[in-house]
*Asks:* 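So that we are looking at the same thing, I have put the structure below in structure tokens.
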Protein chains: 2
Amino acid sequence: MKYIEIYEDIKNKILNGEYVAWKNLESESVLSQKYSVSRMTLRQAINKLKTEGYVHSRQGGNMYINPPEFYRNKLLQSLSEKEKNVTSKIISFEKILGTKEICEIFNRTKDSIFYKYERIRLIDSIPRMYELTYIPEELFPNFNEEVLKGSMLGYIEKKCGYKISHDLGKIQGILLDKKLAKYLKSKENQVALQIEHKVYLYKSVLAEYTKEIDISNTFDIAIVR
Amino acid sequence: MKYIEIYEDIKNKILNGEYVAWKNLESESVLSQKYSVSRMTLRQAINKLKTEGYVHSRQGGNMYINPPEFYRNKLLQSLSEKEKNVTSKIISFEKILGTKEICEIFNRTKDSIFYKYERIRLIDSIPRMYELTYIPEELFPNFNEEVLKGSMLGYIEKKCGYKISHDLGKIQGILLDKKLAKYLKSKENQVALQIEHKVYLYKSVLAEYTKEIDISNTFDIAIVR
DNA sequence: TGACATTTGTCCGTATGTATA
DNA sequence: CTATACATACGGACAAATGTC
């Protein structure tokens with residue numbers, strides 16, 4: 001897939017500073033010659049860069065490189081992709097019979113089996129978020145505690161070969177209770193963000209339901225027109 | 001622009017229930033014949049529908065209609081587009097000399113003039129959010145209090161003819177202070193969401209800076225892969 | 001202010017690749 | 001294995017907006 005390679009190449013040049021924020025990109029015709037592809041193929045790469053917030057353009061004008069705050073922090077991006085030195089501390093891990101509520105969320109029959117786990121995610125060894133996750137056993141028959149050391153999104157896509165279609169998020173402010181405060185080494189009644197994720201595969205099959213409590217109390221998001 | 005018309009047509013059919021969620025769409029070749037356009041043009045319409053979360057597809061499979069929770073609630077969408085019966089109560093409206101902080105946010109010289117206003121946004125006459133907004137006078141020379149009855153985003157795009165490029169959002173949980181609690185007819189120390197918006201035009205010119213306090217304490221977001 | 005070259009946006013037709021069912 | 005459907009790629013043409021002279 002040529003356009004993906006071009007997309008990756010330009011993206012990397014933006015990330016490592018070869019292309020500088022606010023400056024303009026070469027024109028489409030120049031770039032298409034440089035990469036030896038048709039203009040339409042190049043435009044596909046540009047399109048992907050645009051929807052992910054790396055560049056922007058306007059009819060008649062040039063294409064411009066966006067600064068980092070325009071493309072950092074996407075919802076459907078694991079913590080380990082956003083931050084370095086991410087480690088996990090597993091609090092619980094069980095195979096359970098789904099409660100009525102969980103079965104309804106996953107749109108599955110009453111006797112469905114789920115994996116349920118809780119973990120603390122640390123950045124530079126400092127607790128950053130608490131995570132409670134449910135996944136259906138049927139989709140992940142070989143799931144085990146070992147996976148929890150890394151990224152769940154990576155496991156779904158790379159190890160299992162599933163393709164993620166959507167992530168539905170719900171963000172709310174909450175006050176830490178005693179249990180959470182202890183886990184996150186913070187104080188009771190501290191304000192934090194709770195982010196619910198519903199990660200869907202093709203045909204809207206729910207693959208993962210996660211509730212995160214983030215003590216950084218900040219969620220950045222960029223929307224591109 | 002043919003593809004925009006096709007996009008609008010399909011979008012409307014999804015919104016009014018002619019196309020039912022979870023069901024599949026006609027194939028690209030059928031649709032392109034139906035609308036009498038080339039397949040590439042149709043794909044442009046489909047692409048827009050996809051990035052906005054209305055449909056999803058997979059190579060070799062069919063295209064499927066998404067349920068409402070996949071496409072509702074985008075950041076760069078005014079409250080009046082999300083909800084019906086939105087009214088505004090203006091608390092303050094002034095023309096000010098920008099403080100150091102505001103001038104820095106807008107990347108403007110120290111003696112720049114800004115409009116500053118506060119308003120309460122009500123849904124069905126019930127207070128929903130408090131809003132504090134700054135806009136540079138230079139970009140909006142004809143700005144006046146009348147505009148505040150409606151949507152600021154609509155004013156920027158429709159009345160002024162500017163094109164919005166990005167919205168950078170920062171979401172945080174906060175506790176209502178006495179003043180906010182009074183305005184929002186709520187209680188002090190109630191948890192709410194604070195959403196900062198930075199609305200950019202082409203070439204990354206900051207057009208609007210807004211701080212919203214939303215007592216619904218919920219922000220939904222859908223991300224499409 | 002106005003004319004012009006440049007650049008991105010839109011559209012078409014065709015061909016081939018590849019995953020799905 | 002086969003037919004179907006979406007994905008990728010090419011090349012050409014014109015429209016529309018921008019920036020410049």
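Basis for what follows: all heavy atoms, side chains included, without hydrogens, waters or symmetry-related copies. Owing to the predicted nature of the structure, the values given are computational and were not obtained by experimental measurement. Residue numbers begin at 1 in each chain, while the letters A, B, ... track the order of the sequences.
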*Asks:* In this structure, how many angstroms lie between the C1' atom of dA19(C) and the CG atom of Asn62(B), rounded?
*Replies:*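 After rounding, the gap between these two atoms is 12 Å.
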*Asks:* Under 4.0 Å: is that the gap between some side-chain N or O of Lys163(A) and OP1 or OP2 of dA19(C)?
*Replies:*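 Answer no for this pair, as no side-chain N or O of Lys163(A) is under 4.0 Å from OP1 or OP2.
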*Asks:* Between Glu208(B) and Lys198(B), does any NZ, NE, NH1 or NH2 come within less than 4.0 Å of an OD or OE carboxylate oxygen?
*Replies:*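 Between Glu208(B) and Lys198(B) there is no salt bridge, as every charged N stays at least 4.0 Å from the carboxylate O atoms.
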*Asks:* Please report the distance, rounded to the nearest Å, between CD1 in Ile46(A) and P in dT10(C).
*Replies:*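 Ile46(A) atom CD1 is separated from dT10(C) atom P by 15 Å.
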*Asks:* Check the angle between the aromatic planes of Phe143(B) and Tyr117(B) and answer parallel, tilted or perpendicular using the 30° and 60° thresholds.
*Replies:*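 Ring orientation of Phe143(B) relative to Tyr117(B): parallel.
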*Asks:* Hey, does the side chain of Ser57(B) come within less than 4.0 Å of dA7(D)'s phosphate (OP1/OP2), counting only N and O?
*Replies:*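 Answer is yes, contact under 4.0 Å.
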*Asks:* Tell me if the aromatic rings of Phe114(A) and Phe106(A) count as close, with their centers under 6.0 Å from one another.
*Replies:*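 Judged by ring-centre distance (under 6.0 Å), Phe114(A) and Phe106(A) do meet the cut-off.
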*Asks:* Between Phe140(B) and Tyr162(B), what is the ring plane arrangement, given parallel below 30°, perpendicular above 60°, and tilted in between?
*Replies:*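 Perpendicular.
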*Asks:* By nearest atom, which of the nucleotides dT8(D), dG13(C), dG9(C) is closest to the Glu28(A) side chain?
*Replies:*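 Between dT8(D), dG13(C), dG9(C), the one nearest the side chain of Glu28(A) would be dG9(C).
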*Asks:* Tell me which of Ile4(A) and Gly61(A) sits closer to the 5' end of DNA chain D, going by the nucleotide each one is nearest to.
*Replies:*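 Going by which nucleotide is closer to the 5' end, it is Ile4(A).
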*Asks:* Measure NE2/His56(B) against C1'/dA19(C) and give the value in whole Å, please.
*Replies:*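 After rounding, the gap between these two atoms is 15 Å.
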*Asks:* Distance check needed: dC14(D) P versus Lys2(B) NZ, whole Å only.
*Replies:*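 Interatomic distance, NZ of Lys2(B) to P of dC14(D): 15 Å.
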*Asks:* So, does Arg58(B) get its side chain near the phosphate of dA19(C), meaning an N or O under 4.0 Å from OP1 or OP2?
*Replies:*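 Result: no.
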*Asks:* For dG12(D), does the base pair up with any side-chain atom of Arg39(A) as donor and acceptor (N or O, under 3.5 Å, distance only)?
*Replies:*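 Under the 3.5 Å cut-off, the side chain and the base do not form any donor-acceptor pair.
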*Asks:* Closest to the Ser27(B) side chain: dA7(D), dA5(D), dT8(C)?
*Replies:*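 Within the option list, the nearest is dA5(D).
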*Asks:* Find the distance Leu31(A):CG to dT8(C):C1' and express it as a whole number of Å.
*Replies:*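 Taking CG of Leu31(A) and C1' of dT8(C), I get 12 Å after rounding.
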*Asks:* Can you tell me how far P of dT10(C) sits from CZ of Arg43(B), to the nearest Å?
*Replies:*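 That distance rounds to 16 Å.
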*Asks:* Whole angstroms only, please: what is the CG-C1' distance between Leu25(A) and dT6(C)?
*Replies:*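 Distance, rounded to whole Å: 16 Å.
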*Asks:* I want to verify a distance call: between dG13(C), dT10(C), dT7(C), whose nearest atom is closest to the Ser38(B) side chain?
*Replies:*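 Among dG13(C), dT10(C), dT7(C), the one nearest the side chain of Ser38(B) is dG13(C).
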*Asks:* In whole angstrom, give the distance that lies between atom CD of Gln44(B) and atom C1' of dG9(C).
*Replies:*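 Going from CD in Gln44(B) over to C1' in dG9(C) covers 8 Å.
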*Asks:* For the pair Phe70(B) and Tyr64(B), evaluate ring-ring contact (aromatic ring centres under 6.0 Å, His included) and give the outcome as yes or no after the intermediate values.
*Replies:* CA-CA 12 Å; Phe70(B) 285 65; Tyr64(B) 287 87; over 10 Å; no
*Asks:* Classify the angle between the aromatic ring planes of Tyr200(B) and His166(B) as parallel (below 30°), tilted (30 to 60°) or perpendicular (above 60°).
*Replies:*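 Perpendicular, since the angle between the ring planes exceeds 60°.
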*Asks:* With sugar-phosphate meaning primed atoms plus P, OP1 and OP2, does Met40(B) contact a base, only sugar-phosphate, or nothing at under 4.0 Å between heavy atoms?
*Replies:*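 Base contact.
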*Asks:* Answer yes or no: does a side-chain N or O of Lys50(B) lie under 4.0 Å from OP1 or OP2 of dA7(D)?
*Replies:*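 So the side chain of Lys50(B) is within the cut-off, an N or O lying under 4.0 Å from OP1 or OP2 of dA7(D).
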*Asks:* When the nearest nucleotide of DNA chain C is assigned to Gly60(B) and to Val37(B) on a heavy-atom basis, which residue is associated with the more 5' position?
*Replies:*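 Looking at the nearest nucleotide for each, Val37(B) comes out on the 5' side.
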*Asks:* OP1 or OP2 of dA7(D) less than 4.0 angstrom from a side-chain nitrogen or oxygen of Lys48(A), does that happen here?
*Replies:*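 Answer no for this pair, as no side-chain N or O of Lys48(A) is under 4.0 Å from OP1 or OP2.
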*Asks:* Thr41(B) side chain N/O closer than 4.0 Å to the phosphate oxygens (OP1, OP2) of dC12(C)?
*Replies:*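 Answer is yes, contact under 4.0 Å.
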*Asks:* Taking only the side-chain heavy atoms of Gln59(A) (C-beta and beyond), determine which of dT7(C), dC6(D), dA17(D) contains the nearest atom.
*Replies:*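 Of dT7(C), dC6(D), dA17(D), dA17(D) is nearest to the side chain of Gln59(A).
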